[in-house]
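This report refers to the structure that appears directly beneath it.
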Amino acid sequence: MEKPSPSDIRRAFEEAGQGHVFAHFEKLGEKEQAHFIAQLREIDLAELDRLIAEHAGEAHDATDFSDLQPAPYVRHPANGGDPDQWNSARKAGEAALRAGRVAAFVVAGGQGTRLGYDGPKGTFPVTPVLQKPLFQVFAEKILAARRRYGAPVPWFIMTSHANHAATEAFFEESDYFGLGAGSVHFFTQGRMPAVDFSGKIILEDKGRIAMSPDGHGGSLRALVRRGAVDTMRAAGVDILSYFQVDNPLVRVIDPAFIGFHVQSGSEMSSKMIPKAYPEEKVGHFCKRGDRLLVVEYSDLPAEMQAERTADGELRFLAGSIAIHILSVDFVHRVGSGSVDTRLPFHRAEKKIPTIDAAGHAVRPEKPNGIKFEMFVFDALPLAKNPIIIETLRSDDFSPVKNAEGLDSPATCRDDQLRQFARWAQTAGIDLTTDESGLPAFAFEVSPLFAEDAETFAANWKRPASPQTLTAGTCLGEADLPE
Ligand code: UTP
């Protein structure tokens, strides 16, 4: 298809009531004009028009919660689930892995504003002793899975316009953490323009629109548009293990989870943890009619979040931790975006740096506009046979979201240490911990040494391992038995 010319673009923006974006155009140099036009080409005006009609103006909440039910889920064996069912799922998952059907997929296009770290979040140093970056932790988990299942397990990484180059450079400098360049695939997600409350596109500068990543839900269409789905299909991959860049505890490749997905013929499967307390800020897995959906913590009325069943359990117990298995055909169907499979956009009111009529920079003190984002969990109601399985928080979830306090580097470090300590204690090592399970000193276990208590015990008992654990011990590949 031929690209629309600059004058066609100008006309289209004027006709859409967005002609003001050209207010400073004539003052721009030739290069800046070309950049600006390229940015405008990215904007789907028809889509934006629809969103503005739906979302501009004041926020309104018309959701009806009366027919909402808690979603069913498969209990973990530690909480009364059937061990035989889990074993059978695990075997099915292992078979899918050995057959080369599985790829790992991390969404790493977020802005990470709460953490306030300068650089792609995946480069954030996270492990307790060696300070390995998040990306390295995931890479080692993938490498461990490749070795265990003798399968290629390619890795797809979604970046944003803002962090794409830095992410690729980081992997190159780190020699792809031993994964091999050809097996790690990077692609950028889409962006959406921000608009003010009357629906006018916001200029960030004279020759630049205020654009931001289109949310983790944008991953589905980016996977299709950037050719990742084609790459997967060509490699015989039909199952995608989806996770977020901020959670080093995640079991990147979890055979039981994959097996449940395969056995139930599911198009999208999700992990849940029981919410720790009613106000915990996680989405809720719910059911409406025969559809599963996630209702955000900010949307579900507080009374409903506090409801309890006869045996005292929270009624809306199932918290979403953003770990999913997606079928590649499903990604293709939703990501290609026919009208009835398109993900909805959510509005977020933000302080968006802009310029005034004279072109001077303005840093707003209160929200001055709306950003549009899609959420991946909105694909759940579109999926056939979706299944939700329970996982243990301590084995799968400790995100780094904030600089301090809850879900911060400090809490994540402690959660990693608790996990290593549990594994060591299960293997019979005498280790002092406090009542929360935190060991008295820091040590570290690479995913290449152990992925869980079972592999830890197996590898520790063999002669190549060190005989004791002390402060600063780092168990890695070199400590594996001969
Ligand atoms: P968060 O919701 O934590 O957002 O993303 P964030 O942008 O990283 O952080 P804040 O809110 O600015 O502090 C959850 C996951 O979704 C990815 C993030 O990289 C993270 O892995 N994400 C989020 C994207 O890939 N693209 C997006 O547009 C938004």
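Whatever order the structure lists them in is the order used to number ligands and atoms, beginning at 1.
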N-O pairing of Glu279 and Lys281 below 4.0 Å:
no
What is the ring orientation for Phe22 with Phe36, classed by angle as parallel under 30°, tilted 30 to 60°, or perpendicular over 60°?
perpendicular
For atom 12 (O) of ligand 1, the closest protein heavy atom turns out to be Thr113 OG1, 2.4 Å
What is the nearest protein non-hydrogen atom to atom 14 (C) of ligand 1, stated with its residue, atom name and distance?
Gln244 OE1, 3.3 Å
Using heavy-atom distances, let me know which of Gly110, Gly122, Pro213 sits nearest atom 24 (C) of ligand 1.
Gly110
Any idea which protein heavy atom is nearest atom 2 (O) of ligand 1, and the distance to it?
Arg114 NH2, 3.9 Å
If you scan protein heavy atoms around atom 20 (C) of ligand 1, the nearest is Val107 O, 3.8 Å
Distance under 4.0 Å to a non-hydrogen atom of Lys401: what atoms of ligand 1 satisfy this?
1 (P), 3 (O), 14 (C)
If I compare all heavy atoms of Asn247 with all of Leu134, which pair ends up nearest, and what's the gap?
N-CD2, 4.4 Å
Short list, please: which atoms of ligand 1 are under 4.0 Å from a heavy atom of Met158?
25 (O)
No-hydrogen, no-angle side-chain donor-acceptor test under 3.5 Å, Ser198 and Asp196:
yes
Could you verify whether a donor N or O on one side chain and an acceptor N or O on the other, from Arg146 and Ser183, lie under 3.5 Å apart?
yes
Which residue owns the protein heavy atom closest to atom 26 (N) of ligand 1, what's the atom, and how far is it?
Gln189 OE1, 2.7 Å
Are Arg114 and Asp407 within salt-bridge range, i.e. N to O under 4.0 Å?
no
Does Ser320 reach the side chain of His284, with side-chain heavy atoms less than 4.5 Å apart?
no
Is the shortest side-chain N to carboxylate O distance from Lys275 to Glu313 below 4.0 Å?
no
Can you confirm, on distance only, whether ligand 1 has an N/O atom lying under 3.5 Å from any N/O atom belonging to Gln111?
yes
Closest heavy-atom approach to atom 9 (O) of ligand 1 among Gly109, Gly112, Ala108 is made by Gly112
To check your reading of the model: name the closest protein heavy atom to atom 16 (O) of ligand 1, its residue, and the distance in Å.
His216 CD2, 3.4 Å
